[in-house]
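What follows is a short report on a single structure.
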Amino acid sequence: MATIAHGTPEIAAEEVNYLNVEHGWKSWLFTTDHKRIAVLYLISITLMFFLGGLMAVLFRINLLEPEGIFSAETYNRLFSMHGIIMVFFFLVPSIPATLANFLIPIMVGAKDLAFPRVNLLSWYIYVIGAFLTMYAVIRGGVDTGWTFYAPYSSTYSNSYVLAAAFGVFTAGFSSILTGLNFIVTVHKMRAPGMSWSRLPLFVWSNYATGLIQVLGTPVLAIVLLLLAFERIAHVGIFDPNIGGDPILFQHLFWFYSHPAVYIMILPGMGVISEIVSCFSRKRVFGYNFVAFSSMAIAVLSFVVWGHHMFLTGQSMYTSLAFSFLSMMVAVPSAIKVFNWTATMYKGSVSFDTPMLYAFGFIGLFTIGGLTGLHLATLGTDIALHGTYFIVAHFHYVMVGGMVMAFMGGLHFWWPKITGRMYPEAWSKFAALIVFVGFNLTFFPQFVLGYLGMPRRYHAYPPEFQALNVLSSAGASILGVGYLIPMIYMIWSLKKGPKVGPNPWGAAGLEWQIQSPPTTFNFDETPIVTEEAYNYGPLEEVIG
Amino acid sequence: MAETIAPIGHEVGAADTHLRHHFATPAQQMDAATLGMWTFLITEVLFFGGMFTAYAIYRGIYPAAFASTSEYMNVKIGATNTIVLICSSLTMAMAVRSAQLSKRASLIKYLIATMIFGTAFLVIKGFEYHAKWVEHLVPGFNFAFPEHPEFVHNAQILFFLYFCMTGMHALHMVVGLGLLSYLLIQGSRRVFHANYYAPVEMIGLYWHFVDIVWIFLFPLLYLIGHWHL
Amino acid sequence: MLASLMPLFADLPLLPERASSQAGDIDTLFWFITGICFVMTLLIFLGVVAFAYKYRRRENAHAVQIEGSNKLELTWSILPFLVMLVMFGWGADLYFKAQSPPKDAMEVFVTGKQWMWKIQYPDGAREINELHIPADQPVKLTMASEDVIHSFSVPALGVRHDVVPGHYDSVWFTADKPGRYHLFCTEYCGNQHSKMIGWVDVMEPREYAKWASGGAGGSLAEQGQQLFQQNGCSTCHQMEQQGRCPILKGVYNKPVQLNDGRTVIADDAYLRESILDANAKIVNGFEPNVMPNFKGQLSEENVIQLIAYIKSLSPAAPASQQGRPPTTTPSAASRAASRANTANPGQASSPVKQ
């Protein structure tokens, strides 16, 4: 399809689109256009991503030496801020607030999200949360880990816990508002003929994500509030010396934060469904099952949180139930992976950059997901809990999964967002670098964890050095892999070849409108008459 | 999506119904607003739910200590406030009805009544908080529990939850009063009528939700030690 | 570059040392799951590569539109689930075993504190960041935390459990291979978390007997008895006749009737709570508010000593025999003194706020 993309002749007269319809900073800061807000979000989360990444690079440098290179204080602050920034300020909003914000109204055939002003408000709230967190960073950081476990965070930590917790608390509301907007938009804003069974799978997965955001995030808000009160006034709610229960903090925290990992992966799964279908020129295999599995994940995600507490002394039978339910949640994830693979069967597969990222996603997410079984199994969790095995597991899912999907989706829809194509050769090269760098960084961590190296260690026994050096080397390659797209994407904004409405020859409403779209997306409300991923007729045309 | 979407374009009366550009019909706009409000209220349920969970767990662990606190709770004040809030819910419902019937004068009247009840609730709550401060029952600042020294720690957790839950509730009341003032201003400008009353209804839903939270708080916090009476 | 890395790999233990049957069992399950994961990954990988190659885009070759297949969907939902049930059952079995210590286990007490592990033996000996145990003998660790949540982890023994302040946690194991193994804290606990590490010394039973016979003086129960006197407990908890507080003789592990009608077993957790927060549970027939709260007055180590004393008042309790083979001569105190000095307790942290 790339041939079509690059072969498109320059469009003579500049069309009016959402980017050039207005100019000046006010037209951006006070916009209610979901596409402009998506761009604002994209810029914000990219900044946060590089900040969090910089911290990762620094603490990987520290781990080159068994005794550490920086002080323990510095190291602890680096990994804590890395976690907080990456989880709450990059991964959670990554795809929903950018790609989904841009695409969901278009995909369902609407002019905007249901509540455009709420959408803008959510970005403002996000920025305020980010500034609060930055304040904590500048004042000296926070050293509790992203999990803020009490009573360390409430009583013992001598760092800027309050500022960071308020930052996360605030950002949580932006996430709630995004989710709320998606739910209402999908329910109430669909164009005529766009039935639930015709929704693109990307919409399904973001709808499921919205449910989790709406139901989970308030609990995070309240637990952080309780933590703040405990820290300010020492009321004893998490302090065992006054009868408080520190495990209650973990229950409330993970009631949000386990579903939150599905906030961080479901939208990525949606992206992969779109990409695999487009570059196989085929309808997604088992559409109903893929759509339904998103909903199953959203529901099950709320009943597995206890697997973070297998070793805290909770009842054996509680652990038994949570272990079983954690196994259950693996089934819908597996269904998706099988269906993506089957989608390629008898397809017409091309290897454009988004598809390369999709391949990366399928491979790495499979490994990340399957190693979750080691941790859901009670017996092996004893050996692996709190080690680098966990770190490797969730980075395979979060970075190998979600960031890969984010990059894939960004490349896939870049021509739609900007109206220009990125350089093909460079992007393929970068995708390869990211894949290699990622595996070199995180695969050794599986081995380290199996050997027993605990996570969050500033210094470690010397026999673990070799694997740590490998991992740090991989991190530097990974860092380069993320910088290259950053550069060529910016370059392509001015110099990239212009593209028409549908450079990939893809199905879907978003490819039937001009690139970049106009402010209200559609001149006329579209009337949908066909299933999603209707590649049959498209294939005829091209053939 | 039940309703069919009419062709785009602002028909006569679009300004009256405050139809925003991205909705096809006023009915669609109203549907979206209603679903949005209910979704928001669900997040509020989860928000208060975290505190109710903490309450349930600690009450399970320390039943006697929690029961011992009820003699420090002023049931009369609590009951008065309950009645005040229920009245405010009634006037709020009447306000929504008035808007639906385009009765501007009675809309204003009922909105003002609701605000008076809401303010009364907060004033009474303020006196109650003051009394707690005088009695040294504010955890983290001046907590003392001389009559039941054996429960001093665990009762402190209850009083914290008391302040946390009623405080959050009061905060929601304050926000609600702000929203009502907005309705009052808009209402006096004749914005609301039978074809456009969504803000009144949405804020009404919010107000009822806040009332219902109190209906749960009152027995849990005030009546907890009186079950044996 | 690579050449300079080579020496690092020389030390790399690709198959970690395992020194207990429990660790071996977990390993077997680990490799079982890993094997299945490998097969699954390979399946997906081969599928992706094969389809991507075979159906790569070519001139005049169209994609064939396929809806899906319910049979296939059910197959790849149910089959993996059945395999996962095996993992679940197998893992649950190991987990239950790890949580059920045998009755005859030797008991050692562990207190976690920022940033060290304090070990107390029933004979009164104490160590920091070093745990000596005999091979081929079940050992049960009763663990408490003085401050934040820690996690006691010995990879070679297949042992890990969080140590949560406010209650007792326990693990047990039977080491079967003498040697020196890493002891880690695996729950982030603050600044020097990575320095909260130590060693577990598994010794031949005979060696251990020799090591354990180093000193003389107070056993854990005797230390507890001293505390019992010093803190004035004995004025009310009298030995033979009923004082203002319950007689503690023979109470350990026996049911106790409370004033609210419940009956509880006077186990370690109950005794700990009753010492630190006497009014939490009042024995039927006694007044509340007679005994002061000792929270903040007694350290977790003191509580362990007191409980050991109370246990020793029960004739059937095996506490006094635990921790030391019967042949040894008591000389723990001097040993304790010498050992306690070897480790640097580190800076105790006080709660600080920003």
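Below, chains carry the letters A, B, ... as their sequence lines are ordered, and counting in each starts from 1. Computed from a predicted structure; not experimentally measured. Computation of the quantities below employed the complete heavy-atom set of this structure, encompassing side-chain atoms and omitting hydrogens, waters and symmetry-equivalent molecules.
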Testing the basics here: between [X] and [Y], what is the closest heavy-atom pair and its distance to 0.1 Å?
{"X": "C:Pro16", "Y": "A:Tyr450", "answer": "CD-CE2, 3.5 Å"}
{"X": "C:Gln65", "Y": "A:Tyr533", "answer": "OE1-O, 4.4 Å"}
{"X": "C:Ala92", "Y": "A:Leu378", "answer": "CA-CD1, 3.8 Å"}
{"X": "A:Glu73", "Y": "C:Asn191", "answer": "OE2-ND2, 3.2 Å"}

Measure the [atom1]-[atom2] distance between [X] and [Y] for me, rounded to the nearest 0.5 Å.
{"X": "A:Asp352", "Y": "C:Arg57", "atom1": "CG", "atom2": "CZ", "value": "7.0 Å"}
{"X": "C:Met40", "Y": "A:Leu373", "atom1": "CE", "atom2": "CG", "value": "8.0 Å"}
{"X": "C:Leu43", "Y": "A:Thr341", "atom1": "CG", "atom2": "OG1", "value": "8.5 Å"}
{"X": "A:Ile390", "Y": "C:Thr186", "atom1": "CD1", "atom2": "OG1", "value": "10.0 Å"}

(message) The criterion is ring pair (Phe, Tyr, Trp, His ring centres under 6.0 Å); which residues satisfy it with A:Phe446, sequence neighbours excluded?
(response)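 Residues passing ring pair (Phe, Tyr, Trp, His ring centres under 6.0 Å) with A:Phe446: A:Phe389, A:Tyr396, A:Phe443.
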Which one of [options] has the most heavy-atom pairs closer than 4.5 Å to chain C?
{"options": "A:Ser280, A:Pro332, A:Ser319, A:Ala376", "value": "A:Ser319"}
{"options": "A:His374, A:Met344, A:Met327, A:Arg456", "value": "A:His374"}
{"options": "A:Pro246, A:Gly379, A:Gly452", "value": "A:Gly379"}
{"options": "A:Thr343, A:Asp245, A:Leu384, A:Asp381", "value": "A:Leu384"}
{"options": "A:Thr147, A:Thr144, A:Leu320", "value": "A:Leu320"}

Tell me, side chain or backbone of [X] under 4.5 Å from chain C's heavy atoms, or both, or neither?
{"X": "A:Tyr460", "answer": "neither"}
{"X": "A:Ile247", "answer": "side chain"}
{"X": "A:Ser323", "answer": "both"}
{"X": "A:Met328", "answer": "both"}
{"X": "A:Tyr287", "answer": "backbone"}
{"X": "A:Thr387", "answer": "side chain"}

Counting neighbours of [atom1] on [X] that are heavy atoms of other residues, nucleotides or ligands and sit closer than 6.0 Å, is the number greater than 12?
{"X": "C:Phe38", "atom1": "CZ", "answer": "no"}
{"X": "C:Phe32", "atom1": "CZ", "answer": "yes"}
{"X": "A:Tyr345", "atom1": "OH", "answer": "no"}

(request) Enumerate the residue pairs fulfilling side-chain hydrogen bond (donor to acceptor under 3.5 Å, both in side chains) with a member in residues 71-82 of chain C, sequence neighbours excluded, ordered by first and then second residue. (result)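 Output for this query lists A:Asn339-C:Glu73, C:Glu73-C:Trp76.
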(message) Looking only at the aromatic ring of each residue, does the gap between the centers of C:Phe96 and A:Tyr317 stay below 6.0 angstrom?
(response)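 For A:Tyr317 and C:Phe96, the ring centres are under 6.0 Å apart.
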(request) Give the C-alpha distance, both sets of side-chain angles, the deciding distance and a yes or no for ring pair (Phe, Tyr, Trp, His ring centres under 6.0 Å) between A:Phe359 and C:Phe45. (result) CA-CA 9 Å; A:Phe359 285 139; C:Phe45 189 76; 9.9 Å; no
(message) Looking at C:Glu187 and A:Arg455, is there a salt bridge between them, counting it only when a charged N and a carboxylate O are closer than 4.0 Å?
(response)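 No, no charged N to carboxylate O under 4.0 Å.
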At a 4.5 Å cut-off on heavy atoms, which part of [X] comes close to chain A: side chain, backbone, both, or neither?
{"X": "C:Ser170", "value": "neither"}
{"X": "C:Ala98", "value": "side chain"}
{"X": "C:Leu72", "value": "side chain"}
{"X": "C:Ile197", "value": "side chain"}

(message) Pair A:Thr380, C:Ile33 - check side chain to side chain contact (heavy atoms under 4.5 Å, CB included), show working.
(response) CA-CA 9 Å; A:Thr380 36; C:Ile33 300 175; 3.8 Å; yes
(message) Which residue is it: A:Phe79, A:Tyr75, A:Trp146? I am looking for the one with a ring pair (Phe, Tyr, Trp, His ring centres under 6.0 Å) to C:Tyr188.
(response)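 Output: one option passes, namely A:Phe79.
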(message) With heavy-atom distances below 4.5 Å as the criterion, would you say the side chains of C:Pro155 and A:Leu451 are in contact?
(response)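 No - every pair of side-chain heavy atoms lies 4.5 Å or more apart.
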